[in-house]
Engineer: 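Attaching a single structure in structure tokens format; questions to follow.
Bear in mind the structure is a predicted one, so any value in this text is a computation, not a measurement.
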Amino acid sequence: MRQNEKALCLWFSFLVFFIAPVRGQDQKVADSLKVIYQQYDQEDSIKLELLLNLSFNEVNDLNLAIQYADELINLSGQLGDIEHLSSGYFLKGNKKRLLGDLEEALDAYMKSGDAFKKINSLTGEGITNGAIADIYSLSNNHENAMLYYRKAISMLRHSHDSIALASTISNAGDAFLNTRNYDSALAYFNESEAIFERVNYASGKAYSLGNIGMVYANIGQTELAEININEAISILDDLSDYYPICVYLISMADIYHKKGDATTAMNYATKSLRLAQQYGLKDQISDANLKLSELYENAGKPTEAFNFYKNHITYRDSVNNIQVVQNMANLRTNYELSQKQIEVDLLNQQKRSQRIMVIASVITSSLVLLLAIGLYRRYYFIKRTNVIIEAERSRSESLLLNILPEETANELKEHGKVQAKKFDSVTVLFADFKEFTKLAEQVDPEHLVKSIDYYFKEFDRITSKYGLEKIKTIGDAYMCAGGLPLISQTHAKSVI
């Protein structure tokens with residue numbers, strides 16, 4: 001994640017349906033439980049709970065937390081305990097995401113969602129959809145991210161799980177912050193902070209305060225930004241939750257850089273880098289190196305800036321699993337190195353005593369190179385094709401879900417047709433603009449369409465907030481319904 005380009009997108013490890021909702025991650029709890037787990041034999045049911053809490057609370061050693069999650073997955077799978085199996089996969093996804101292994105994190109979340117579906121856990125499915133949305137947000141796929149956020153929020157509002165709902169709302173706010181929609185981002189963050197405050201959840205409150213501070217930093221209100229971010233860092237430091245601290249330290253560096261205090265800005269960025277290196281947080285190592293590169297470049301120190309930028313590229317590519325991206329300075333360096341390598345090769349060839357060996361080596365190298373080029377081109381073609389196929393599949397999924405309710409779309413994909421269903425009680429809303437025809441005669445078409453689009457987007461946001469189903473729009477008419485496809489006892493109130 002890059003400051004000034006992307007906002008923080010953090011997923012809280014909230015297994016609120018198994019873990020007390022008023023408690024966050026606590027390394028001291030993990031240290032205490034570790035002693036019990038290592039020194040005593042427990043029954044399987046107790047061992048499952050120990051592993052769950054160990055993985056959840058272990059924040060200093062993420063690889064150890066993943067090891068606990070894997071043990072939980074294996075044991076719950078042997079025992080046929082689907083609840084603990086689903087939470088094990090979810091915990092593994094959280095830790096993998098923090099380490100920057102997004103592909104493995106997404107795979108774990110998908111498996112967690114499948115398990116939650118088997119036990120009809122609406123809360124579990126909602127949280128899993130939120131986690132999947134986070135992965136899309138980190139991958140800059142805003143459209144899919146918002147699709148899954150809306151699904152998650154809708155489910156969690158029906159589950160009455162305050163902490164899970166607040167965490168998902170906060171992450172949806174991050175998605176708005178990523179696209180510079182600051183008003184919506186601030187509204188989402190304020191709602192999540194209010195929920196966390198109400199249930200006395202310190203970790204969640206800290207995340208929301210930090211994100212509110214980042215919004216203020218982006219809109220130039222540096223004093224409010226500094227107040228909120230410092231309060232967030234103070235809470236998170238007490239909880240030993242270092243990942244968000246690294247992010248907020250970078251934000252503090254930005255604030256002081258804008259104030260013209262380069263020394264303090266560098267100190268904050270350096271502290272973020274050291275903390276990220278201590279706990280193996282790859283994406284934050286990358287971001288801290290990028291920020292230090294920018295600061296040193298502005299300070300007129302190109303050598304230091306270049307070194308930090310190279311470190312940023314290395315860690316950024318290890319997080320995103322992509323080929324090394326070269327900048328112009330790297331290209332020049334590699335060119336000089338390749339020239340020296342050519343000179344060494346020529347000297348070695350001159351020392352060969354038999355010309356036949358030289359020719360054989362050249363021919364062999366050429367064949368190997370041609371084979372390597374052929375294999376690489378095939379690999380690149382297959383990889384590019386897979387990316388295109390995945391993009392088309394995601395676009396088709398998104399289009400289908402935009403046209404039909406999720407339940408109807410899934411039934412259509414699975415059976416090729418949709419079985420008619422009866423709903424005893426629903427509420428349908430028809431709305432149109434008063435005197436629209438008269439207005440249309442007086443306003444130019446572009447302005448008119450832009451105005452309608454603005455209000456209909458707000459309608460979409462409200463229908464998503466209250467779990468309503470948008471039916472269609474025709475001209476200036478907007479139609480939606482409550483109580484379908486998910487049965488609701490409060491549909492009339494929600495529509496109102």
Engineer: Tell me which pairs pass salt bridge (Lys or Arg N to Asp or Glu O under 4.0 Å) where either residue lies in residues 487-496, with sequence neighbours left out.
Structural biologist: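 Those involving residues 487-496 do not exist here.
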
Engineer: Quick check for you: to the nearest 0.5 Å, what is the distance between Ile229 atom CD1 and Leu236 atom CG?
Structural biologist: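 Output value for this atom pair is 11.5 Å.
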
Engineer: Locate the shortest heavy-atom distance separating Ala269 from Ala288; write the atom from each residue and the value.
Structural biologist: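 Taking Ala269 first and Ala288 second, the nearest heavy atoms are O-CB, 4.0 Å.
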
Engineer: Can you find a side-chain donor-acceptor pair between Asn211 and Tyr188 that sits under 3.5 Å?
Structural biologist: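 Result is no, nothing qualifies.
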
Engineer: For Asp453, give me all partners under side-chain hydrogen bond (donor to acceptor under 3.5 Å, both in side chains), at least two apart in sequence or on another chain.
Structural biologist: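 With sequence neighbours excluded, Asp453 shows a side-chain hydrogen bond (donor to acceptor under 3.5 Å, both in side chains) to Lys457, given in chain and number order.
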
Engineer: So, using ring pair (Phe, Tyr, Trp, His ring centres under 6.0 Å) as the criterion, who are the partners of Tyr136 when residues are at least two apart?
Structural biologist: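 Partners of Tyr136 under the ring pair (Phe, Tyr, Trp, His ring centres under 6.0 Å) test: Tyr148.
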
Engineer: For side-chain contact (heavy atoms from CB on, under 4.5 Å), just list the numbers for Phe196 and Ser167, CA-CA rounded to whole Å, side-chain angles, deciding distance to a tenth of an Å, and then say yes or no.
Structural biologist: CA-CA 9 Å; Phe196 286 131; Ser167 65; 4.2 Å; yes

Engineer: I'd like to check His84 versus Leu79 (side-chain heavy atoms, cut-off strictly below 4.5 Å). Are they in contact?
Structural biologist: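 Contact flag for His84/Leu79 side chains = no.
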
Engineer: Any non-hydrogen side-chain atom of Lys465 less than 4.5 Å from a side-chain atom of Ile153?
Structural biologist: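 Lys465 vs Ile153: side chains apart.
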
Engineer: Which atom pair, heavy atoms only, marks the closest approach of Pro244 to Tyr207?
Structural biologist: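 Reported closest heavy-atom pair: CG-OH, 3.4 Å.
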
Engineer: Out of curiosity, Glu83 CD to Leu52 CG, how far, rounded to the nearest 0.5 Å?
Structural biologist: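 One finds 10.5 Å between CD of Glu83 and CG of Leu52.
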
Engineer: Should Leu429 and Met479 count as side-chain neighbours, where that means a heavy-atom distance under 4.5 Å?
Structural biologist: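 They are not in contact (no side-chain heavy atoms under 4.5 Å apart), so the answer is no.
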
Engineer: What ring-ring contact (aromatic ring centres under 6.0 Å, His included) pairs are there with at least one residue in residues 469-496, not counting sequence neighbours?
Structural biologist: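 For residues 469-496, and leaving out neighbouring residues, the ring-ring contact (aromatic ring centres under 6.0 Å, His included) pairs sorted by first residue read Phe456-Tyr478, Phe459-Tyr478.
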
Engineer: Check whether Ser286 reaches the backbone of His312 with its side chain - one donor and one acceptor, N or O, closer than 3.5 Å.
Structural biologist: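 The answer is yes, because a donor-acceptor pair under 3.5 Å joins these two groups.
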
Engineer: Would you check if the side chain of Ser55 reaches a backbone N or O of Ala65 as a donor-acceptor pair within less than 3.5 Å?
Structural biologist: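 Yes: the side chain of Ser55 pairs with the backbone of Ala65.
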
Engineer: Inspect the surroundings of CD in Glu458 and state if more than 12 heavy atoms from other residues, nucleotides or ligands are less than 6.0 Å away.
Structural biologist: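 Correct, the count exceeds 12.
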
Engineer: Pairs in or reaching into residues 210-231: which pass ring-ring contact (aromatic ring centres under 6.0 Å, His included), with residues at least two apart or in two chains?
Structural biologist: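 Counting only pairs at least two positions apart or across chains, no ring-ring contact (aromatic ring centres under 6.0 Å, His included) contact touches residues 210-231.
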
Engineer: CG of Asp444: more than 12 outside heavy atoms within 6.0 angstrom?
Structural biologist: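 Counting other residues, nucleotides and ligands, CG of Asp444 exceeds 12 neighbours.
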
Engineer: Between Asp237 and Tyr242, does a side-chain contact (heavy atoms from CB on, under 4.5 Å) hold up when you go through it step by step?
Structural biologist: CA-CA 7 Å; Asp237 191 43; Tyr242 300 111; 4.2 Å; yes

Engineer: Mark yes when over 12 heavy atoms from residues, nucleotides or ligands other than Glu223 sit less than 6.0 Å from its CD; otherwise mark no.
Structural biologist: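 No, not enclosed.
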
Engineer: Please report the closest heavy-atom contact between Ala206 and Ala232, naming both atoms and the distance.
Structural biologist: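 So the two residues come closest at O-CB, 3.2 Å.
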
Engineer: Mark yes or no for whether Ser86, through its side chain, and Ile82, through its backbone, hold a donor-acceptor pair below 3.5 Å.
Structural biologist: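 Yes, Ser86 side chain to Ile82 backbone: donor-acceptor pair under 3.5 Å.
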
Engineer: If only atom types and distance count, is the side chain of Ser272 paired as donor or acceptor with the main-chain N or O of Cys246 below 3.5 Å?
Structural biologist: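 Yes; at least one donor-acceptor contact below 3.5 Å.
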
Engineer: Applying the side-chain hydrogen bond (donor to acceptor under 3.5 Å, both in side chains) criterion to Tyr149, which one of Asn129, Asp134, Asp174 satisfies it?
Structural biologist: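 So the option named by the test is Asp134.
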
Engineer: Output all residues satisfying side-chain hydrogen bond (donor to acceptor under 3.5 Å, both in side chains) with Asp432, sequence neighbours left out; order by chain, then residue number.
Structural biologist: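 Asp432 satisfies side-chain hydrogen bond (donor to acceptor under 3.5 Å, both in side chains) with no residue once adjacent residues are dropped.
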
Engineer: If we only count heavy atoms from C-beta on, is the Asn178 to Arg180 side-chain gap below 4.5 Å?
Structural biologist: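 Not in contact.
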
Engineer: Dump the intermediate steps for side-chain contact (heavy atoms from CB on, under 4.5 Å) on Leu249 and Ile245, then the final yes or no.
Structural biologist: CA-CA 6 Å; Leu249 287 172; Ile245 292 179; 3.9 Å; yes

Engineer: Suppose the criterion is salt bridge (Lys or Arg N to Asp or Glu O under 4.0 Å): which pairs have a residue in residues 120-132, not counting sequence neighbours?
Structural biologist: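 Listed by first then second residue: nothing to list.
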
Engineer: I need the full list of salt bridge (Lys or Arg N to Asp or Glu O under 4.0 Å) pairs touching residues 187-197, with sequence neighbours left out, sorted by first then second residue.
Structural biologist: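 Every pair satisfying salt bridge (Lys or Arg N to Asp or Glu O under 4.0 Å) with a residue in residues 187-197: Arg157-Glu191, Glu197-Lys205.
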
Engineer: Is a side-chain donor-acceptor pair under 3.5 Å present for Asn171 with Ser137?
Structural biologist: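 Side-chain D/A pair, Ser137 to Asn171: absent.
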
Engineer: Within the structure provided, determine whether Leu99 and Asn63 are in side-chain contact (heavy-atom separation under 4.5 Å).
Structural biologist: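 Sidechains of Asn63 and Leu99: in contact.
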
Engineer: For the residue pair Ile255 and Ala225, what are the closest heavy atoms and their distance?
Structural biologist: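 Reported closest heavy-atom pair: CD1-CB, 3.7 Å.
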
Engineer: Closer than 4.0 angstrom, basic N to acidic O: yes or no for Lys95 and Asp101?
Structural biologist: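 A salt bridge is absent here (no side-chain N lies under 4.0 Å from a carboxylate O).
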
Engineer: Who pairs with Tyr68 by ring pair (Phe, Tyr, Trp, His ring centres under 6.0 Å), at least two apart in sequence or on another chain?
Structural biologist: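 Partners of Tyr68 by the ring pair (Phe, Tyr, Trp, His ring centres under 6.0 Å) criterion come out as none, since no residue qualifies.
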
Engineer: Mind checking whether Ile127 and Thr168 have side chains closer than 4.5 Å, heavy atoms only?
Structural biologist: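 No, side chains not in contact.
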
Engineer: Check for a donor-acceptor pair, side chain of Tyr109 on one end and backbone N or O of Asn94 on the other, with a separation under 3.5 Å.
Structural biologist: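 Pair found, side chain donor or acceptor close to backbone of Asn94.
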
Engineer: Should we count OH of Tyr455 as having more than 12 external heavy atoms under 6.0 Å?
Structural biologist: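 Count not over threshold, so no.
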
Engineer: Please round to the nearest 0.5 Å and tell me the distance separating atom CG of Leu138 and atom CG of Asn140.
Structural biologist: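 The distance works out to 8.5 Å.
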
Engineer: Look only at the side chain of Ser208 and the backbone of Gly204, and say whether a donor-acceptor pair between them is shorter than 3.5 Å.
Structural biologist: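 Pair found, side chain donor or acceptor close to backbone of Gly204.
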
Engineer: For the side chain of Ser464 and the backbone of Asp460, is there at least one donor-acceptor N/O pair under 3.5 Å apart?
Structural biologist: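 Answer holds: no.
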
Engineer: Going by the rule side-chain contact (heavy atoms from CB on, under 4.5 Å), which residues pair with Lys111 if we only count those two or more places apart in sequence or in a different chain?
Structural biologist: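 Counting only residues at least two positions away or on another chain, Lys111 forms a side-chain contact (heavy atoms from CB on, under 4.5 Å) with Tyr89, Asp107.
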
Engineer: Between Leu177 and Tyr182, is a side-chain contact (heavy atoms from CB on, under 4.5 Å) present by the stated rule, with each step listed?
Structural biologist: CA-CA 6 Å; Leu177 186 54; Tyr182 300 124; 3.5 Å; yes

Engineer: Check the surroundings of atom CD1 in Ile462: do more than 12 heavy atoms from other residues, nucleotides or ligands lie under 6.0 Å from it?
Structural biologist: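 Yes, CD1 of Ile462 has more than 12 neighbouring heavy atoms, counting only those of other groups under 6.0 Å.
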
Engineer: Supply the atom-to-atom distance Glu231 CD to Leu209 CG, rounded to the nearest 0.5 angstrom.
Structural biologist: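 Taking CD in Glu231 and CG in Leu209, the distance rounds to 4.5 Å.
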
Engineer: In a check of side chain to side chain contact (heavy atoms under 4.5 Å, CB included) between Leu281 and each of Leu275, Val247, Leu62, which one passes?
Structural biologist: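 So the option named by the test is Leu62.
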
Engineer: Using the test side-chain hydrogen bond (donor to acceptor under 3.5 Å, both in side chains), find all partners of Gln67 that sit at least two apart in sequence or belong to another chain.
Structural biologist: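 side-chain hydrogen bond (donor to acceptor under 3.5 Å, both in side chains) list for Gln67, sorted by chain: empty.
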
Engineer: Evaluate the criterion side chain to side chain donor-acceptor pair (under 3.5 Å) for residue pair Tyr248 and Asn230; output intermediate values, then yes/no.
Structural biologist: CA-CA 8 Å; Tyr248 297 142; Asn230 276 327; over 6 Å; no

Engineer: What's the shortest heavy-atom distance between Gly93 and Ala105, and which atoms?
Structural biologist: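 Closest pair (atom of Gly93, atom of Ala105, distance): O-CB, 3.4 Å.
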
Engineer: With rounding to the nearest 0.5 Å, note down the distance linking CG in Leu72 to CG in Leu85.
Structural biologist: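 Those atoms lie 8.0 Å apart.
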
Engineer: What distance do Asp283 atom CG and Leu98 atom CG have between them, rounded to the nearest 0.5 Å?
Structural biologist: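 If I round to the nearest 0.5 Å, the distance is 8.0 Å.
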
Engineer: Test of understanding: with side-chain contact (heavy atoms from CB on, under 4.5 Å), list the residues that count as partners of Ser494, not counting sequence neighbours.
Structural biologist: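 So Ser494 forms a side-chain contact (heavy atoms from CB on, under 4.5 Å) with Tyr466, Leu468, Thr490.
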
